[in-house]
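Single-structure report; data block below.
Hydrogens, waters and symmetry mates are skipped; everything else that's a heavy atom, side chains included, is used. Bear in mind the structure is a predicted one, so any value in this text is a computation, not a measurement. Numbers here simply count residues along the sequence, with the first being 1.
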Amino acid sequence: MTGNPAIHESWQAPLQAEFDSEYMTALREFLKAEKASGKTIFPHSSNWFRALELTPLDETRVVILGQDPYHGPGQAHGLCFSVQPGVRTPPSLQNIYKEMREDLGVEPASHGFLEHWAKQGVLMLNSVLTVEARQAASHKGRGWEEFTDAIIRVINQQERPVVFLLWGAYAQKKAAFVDTQRHHVLTAAHPSPFAARNGFFGCKHFSKTNVFLESKGMPRIDWELPQIS
């Protein structure tokens, strides 16, 4: 992470102060030292900012917040809940698909690759953007949370209303400052197998998102994922 990464130009100016900050300098040094010690970091550095690369600020219509990247080989690629093609769909995402089927009648995809959503203006943002292989939450508290808080603040300041899908207590706490007079905040339990039956199933967030977007004259999200070869 040297200089500004390959993020969409719409994010460059709003986040410049973050990239120049002391905490980001310390984060760079931490990640450099981790790599130098032979540790494997997920996702690959080319995908650390993939969410900001695929979803421009001025096209962001929906925000989904996650917590930590997947820490298994080949899974994480910079979008929360999403995995790379050819990787087994994780349990939380399987539950997201189940809710989509009940809500929209959309049959579950045979893969877990969610870039189709990101390219439509769904910012799929983890709170922490890196993790050591097989060590869950290993990069917690190193500075990423401050950076992703700044991203949420930038979105919150936009005049155009945005839908925030906050699944679980962690996401709800992280985005607690979002202006609910301007933006549409939907909350539910986390889709993990441990919590989904406590309020994620039946939340109908996918249809509610599209109803809100249409009410504001914005296009619906096509939640149905295309097949990939």
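- Here the side chains of Met100 and Pro108 are not in contact, with every heavy-atom distance at 4.5 Å or above.
- With contacts defined as side-chain heavy-atom distances shorter than 4.5 Å, the pair Val63/Val163 does not qualify.
- Partners of Phe30 by ring pair (Phe, Tyr, Trp, His ring centres under 6.0 Å), not counting sequence neighbours, listed by chain and number: His139.
- Taken to the nearest 0.5 Å, the CD atom of Glu22 stands 10.5 Å off from the CD atom of Glu146.
- Sequence neighbours left out, not one pair with a member in residues 54-72 passes side-chain hydrogen bond (donor to acceptor under 3.5 Å, both in side chains).
- By the salt bridge (Lys or Arg N to Asp or Glu O under 4.0 Å) test, Glu29 is found to be paired with Lys32, residues two or more places apart in sequence or in another chain being considered.
- Alongside Val131, the hydrophobic cluster contains Phe42 (criterion: ILVMFWY side chains under 4.5 Å).
- Take Glu18 and apply the side-chain hydrogen bond (donor to acceptor under 3.5 Å, both in side chains) test, not counting sequence neighbours, and it matches Tyr23.
- When side chains are defined from C-beta on, Met218 counts as touching Pro161, because their heavy atoms get closer than 4.5 Å.
- Closest heavy-atom contact between Glu145 and Ser127: CG-OG, 3.6 Å.
- Grouping the Ile, Leu, Val, Met, Phe, Trp and Tyr side chains by contacts below 4.5 angstrom, directly or via other members, places Ile7 apart from Ile64.
- Donor-acceptor pairing under 3.5 Å is lacking for the side chains of Glu214 and Asn210.
- Not a single side-chain hydrogen bond (donor to acceptor under 3.5 Å, both in side chains) links Arg197 to another residue, sequence neighbours left out.
- Nearest approach of Glu99 to Gly202, heavy atoms of both residues: OE1-N, 2.6 Å.
- For the pair Glu115 and Arg50, the salt-bridge criterion is met [side-chain N within less than 4.0 Å of a carboxylate O].
- In this structure, the side chains of Ser92 and Pro193 come closer than 4.5 Å at one or more pairs of heavy atoms.
- Here the closest non-hydrogen pair linking Ala188 and His205 is CB-CE1, 3.6 Å.
- Linking ILVMFWY residues whenever their side-chain heavy atoms come closer than 4.5 Å, directly or via other members, leaves Leu165 and Ile151 in distinct clusters.
- Taking the six-membered ring where the residue is Trp, His190 and Phe81 present tilted rings, their angle falling between 30° and 60°.
- The ring pair (Phe, Tyr, Trp, His ring centres under 6.0 Å) check on Trp117 picks up Trp223, with sequence neighbours excluded.
- Crowding of Arg182 atom CZ: a count of heavy atoms from other residues, nucleotides or ligands under 6.0 Å exceeding 12.
- With rounding to the nearest 0.5 angstrom, the CH2 atom of Trp167 is 12.0 Å from the OG1 atom of Thr187.
- Under a hydrophobic-cluster definition in which Ile, Leu, Val, Met, Phe, Trp and Tyr are linked whenever side-chain heavy atoms come within less than 4.5 Å, directly or via other members, Leu123 and Leu65 are assigned to the same cluster.
- Separating the OG1 atom in Thr130 from the CG atom in Leu31 is a distance of 4.5 Å, to the nearest 0.5 Å.
- For the side-chain hydrogen bond (donor to acceptor under 3.5 Å, both in side chains) test, no residue two or more places apart in sequence or in another chain qualifies with Asn95.
- Trp11 is not connected to Met124 by any chain of hydrophobic side-chain contacts under 4.5 Å among Ile, Leu, Val, Met, Phe, Trp and Tyr, and they are in different clusters.
- Classification of the Phe212-His184 ring pair by plane angle, with boundaries at 30° and 60°, yields parallel.
- Remark: the Ser138 side chain and the Lys39 side chain contain no N/O donor-acceptor pair separated by less than 3.5 Å.
- By the rule that hydrophobic residues join a cluster once side-chain heavy atoms approach within less than 4.5 Å of another member, Leu15 and Trp144 end up as members of one cluster.
- Minimum interatomic distance between Gly112 and Thr89 (heavy atoms only, all atoms of both residues): N-OG1, 3.7 Å.
- With contacts defined as side-chain heavy-atom distances shorter than 4.5 Å, the pair Gln75/Pro43 does not qualify.
- Side-chain contact check for Glu34 versus Glu132: some heavy-atom pair is nearer than 4.5 Å.
- Residues Leu166 and Leu186 form no side-chain contact, since every pair of their non-hydrogen atoms from C-beta on lies 4.5 Å or further apart.
- Every ring pair (Phe, Tyr, Trp, His ring centres under 6.0 Å) that His183 has, sequence neighbours left out, goes to Phe164.
- The nearest pair of heavy atoms linking Ile228 to Pro85 is CD1-CB, 3.5 Å.
- Partners of Ser10 according to the side-chain hydrogen bond (donor to acceptor under 3.5 Å, both in side chains) rule, which considers only residues two or more places apart in sequence or in another chain, are His8.
- Applying the ring pair (Phe, Tyr, Trp, His ring centres under 6.0 Å) criterion to Phe201, with sequence neighbours excluded, gives no partner residue.
- Minimum interatomic distance between Leu27 and Gly143 (heavy atoms only, all atoms of both residues): CD2-C, 4.3 Å.
- Side-chain contact between Leu79 and Leu54: present, with at least one pair of heavy atoms (C-beta onward) separated by less than 4.5 Å.
- Residue pairs meeting the ring pair (Phe, Tyr, Trp, His ring centres under 6.0 Å) criterion with at least one partner in residues 92-116, sequence neighbours excluded, are His77-Phe113.
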